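The analysis underlying the following values was restricted to heavy atoms, covering all of them including side chains, and did not include hydrogens, waters or symmetry mates. Because the structure is a prediction, the values reported are computed rather than measured. Naming convention: chains lettered A, B, ... in sequence-line order (proteins, then strands); numbering from 1 in each chain.
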2 protein chains.
Amino acid sequence: MGARPPGSTDAPPRDAAPLVRPAARTVPPSTVARLPGYLRALAEVEAQGVRTASSDALADVAGVSPAQLRKDLSFLGSHGTRGVGYDVAHLRGQIGVVLGLTRQRPVVIVGLGNMGHALANYPGFTERGFVVVGLVDADPRVAGTQVAGLRVEPAERLADVVREGGATMAVITVPAGAAQDVCERLVAAGVRGILNFAPRALQVPDGVDVRSVDLGSELQILAFHDRRKAQPSG
Amino acid sequence: MGARPPGSTDAPPRDAAPLVRPAARTVPPSTVARLPGYLRALAEVEAQGVRTASSDALADVAGVSPAQLRKDLSFLGSHGTRGVGYDVAHLRGQIGVVLGLTRQRPVVIVGLGNMGHALANYPGFTERGFVVVGLVDADPRVAGTQVAGLRVEPAERLADVVREGGATMAVITVPAGAAQDVCERLVAAGVRGILNFAPRALQVPDGVDVRSVDLGSELQILAFHDRRKAQPSG
DNA sequence: TAGATTGTTAATCGATTAACAATC
DNA sequence: TAGATTGTTAATCGATTAACAATC
């Protein structure tokens, strides 16, 4: 528990010189947000049998500019070879380390409505390094049922489910009105990363990370760009 | 009407002086992305009976800083009253206009797996200004079935479904390998805004807007922040 | 060596924050 | 009027882009 809170703006203290240089001192948030995309791109080209890829090739698959990809990767340390490119398998491993994907991470899902149900069965979580270890729903008609091979637990067992599964991450797919309460109980149980699908801003203490996915908002943002293109077709 | 448009770098062409000043000349992307959140916050306080709210109060509900909220709203024109605050109903209407939510927008969903199924039944789309007018799935076992009160159409009817529904927006929930092809066919049929759930970067021509929601990536980004907090609990 | 491509620097651009004059 | 709060300005901060020296 001696760790200093990361991401502080002051000069980073260097208590002891580490023998092994840590892969990254700091990685900007915008870069972190793109790393999963690079991981996807690497998996894709690797599946095609490519062993080495240039920043141009990778950037093309990932949908970014080569300059941005190189800049992003430079924050992780130097993992390419000038004149050659990047070793696909090696870079994949490095990004995995930076993202903390060296072990499967247990995740709990709270709220087994349509969305929660779909996420519990979503293969993408498993493929990307996560295991759903627990399901919780407050509705007594839902608790006790089986979803994706797991028993749905009642609301009062939330903390137990988190602790028994060793989960530090959770997905909230409850109605908006219940989201903040669920959030607080998850945090109290030890959860430090929350993926929130409820259309509501969640208040969390320092050290807890929330990412919100609001599907209605996504469409509204698209609608903004679409609004002038309205077609008076006949 | 002698005021010069502020904040523009180049001289904007002024072909004809509009009688009604358009609500916004340009709105920065980062601001656009936050407008749906303000809409949500306004709906919430309005439901509590609040008629007028300060930037402090709204920002609190929306989860942003008061300065940022005021700055964002200033791009839409001036809709508050100094010393008083914002008229909740009026501001809600204004943001709705800016986002182009003055009419229900028809949306097509392609891919009726777990996720597509959940989205077809998602009340949040309806509540936020959208109507699902068509469903398409390439799987012959899925096409022909009924989902959310609509018949799922086969892949070859994609363009018809888009045109018959008048949809300019679509949701892609097909496997990654099929996403680019579906995307191109949607664009060819007239779709201009795409919400993509497939974990793949989509190539689109100018004038088409894509927003990608990759749930695996979201968890991986959370994992980055969570990685050092690993608990060797006993 | 010559060609290719990274890693890094510097310049540009955009977004956020803080402060406060304007004004209800 | 005095107090409250917006709208806007200027300063800061962070992200992106372009260019190229380093180097395989």
Side-chain angles (χ1 to χ4, degrees), chain A residues 7-11 21 23-35 37-38 41-42 45 50-88 90-91 94-95 98 221, chain B residues 3-10 21 23-35 37-38 42 45 50-88 90-91 94-95 98 221:
Chain A
S8 58
T9 43
D10 302 309
R21 158 99 52 105
R25 228 161 313 267
T26 57
V27 184
S30 55
T31 293
V32 172
R34 280 186 296 266
L35 293 181
Y38 299 156
L42 288 163
V45 302
V50 175
R51 314 291 289 259
T52 303
S54 69
S55 60
D56 266 67
L58 283 176
D60 194 55
V61 177
V64 302
S65 75
Q68 180 152 82
L69 180 131
R70 289 202 300 277
K71 182 80 165 142
D72 283 338
L73 295 185
S74 76
F75 290 113
L76 317 187
S78 177
H79 296 293
T81 307
R82 289 165 137 103
V84 178
Y86 299 90
D87 182 280
V88 172
H90 175 254
L91 183 56
Q94 288 303 314
I95 295 178
V98 171
I221 295 166
Chain B
R4 208 53 69 83
S8 60
T9 39
D10 302 303
R21 159 97 54 105
R25 226 159 316 265
T26 58
V27 184
S30 55
T31 294
V32 172
R34 280 186 294 267
L35 293 182
Y38 299 156
L42 287 163
V45 301
V50 175
R51 312 293 288 259
T52 302
S54 68
S55 59
D56 266 67
L58 284 175
D60 194 55
V61 177
V64 301
S65 75
Q68 180 152 83
L69 181 131
R70 289 202 300 276
K71 181 80 165 142
D72 283 337
L73 295 184
S74 76
F75 290 113
L76 317 187
S78 177
H79 297 291
T81 306
R82 288 164 138 103
V84 178
Y86 298 91
D87 181 281
V88 172
H90 175 254
L91 183 56
Q94 289 302 314
I95 296 179
V98 171
I221 295 166

A:Leu76 vs A:Tyr38, side-chain contact (heavy atoms from CB on, under 4.5 Å): CA-CA, chis, key distance, verdict:
CA-CA 13 Å; A:Leu76 317 187; A:Tyr38 299 156; over 6 Å; no
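- To the nearest 0.5 Å, the span separating OH on B:Tyr86 from CG on B:Leu73 amounts to 5.0 Å.
- Near DNA chain D, meaning a heavy atom under 4.0 Å away, the residues from residues 53-71 of chain B are B:Ser54, B:Ser55, B:Arg70, B:Lys71.
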Stepwise side-chain contact (heavy atoms from CB on, under 4.5 Å) check, A:Asp87 with A:Thr81
CA-CA 8 Å; A:Asp87 182 280; A:Thr81 307; over 6 Å; no
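- For A:Thr52, the side chain to side chain contact (heavy atoms under 4.5 Å, CB included) partners two or more places apart in sequence, or in a different chain, are A:Val84.
- Across A:Ala62 and A:Gly37, no two heavy atoms sit closer than the pair CB-O, 4.2 Å.
- Put simply, chain B comes within 4.0 Å of DNA chain C, heavy atom to any atom, from C:dA15 to C:dC24, going 5' to 3'.
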Where does DNA chain C pair, written as one dot-bracket string 5' to 3', with Watson-Crick or G-U pairs under 3.5 Å, ( ) inside the strand, [ ] for crossing pairs and | for another strand?
..||||||||||||||||||||||
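- Every residue meeting the side chain to side chain contact (heavy atoms under 4.5 Å, CB included) condition with A:Ser54, not counting sequence neighbours, appears here in chain and number order: A:Asp56, A:Ala57.
- Position along DNA chain D of the nearest nucleotide to A:Gly83 versus A:Pro29 favours A:Pro29 as the more 5'-ward residue.
- Residue pairs meeting the salt bridge (Lys or Arg N to Asp or Glu O under 4.0 Å) criterion with at least one member in residues 59-75 of chain B, sequence neighbours excluded, are B:Arg34-B:Asp72.
- Applying the side chain to side chain contact (heavy atoms under 4.5 Å, CB included) rule to A:Val88 yields the partners A:Leu42, A:Val45, A:Glu46, A:Val50, A:Ala53; only residues at least two apart in sequence or on another chain are considered.
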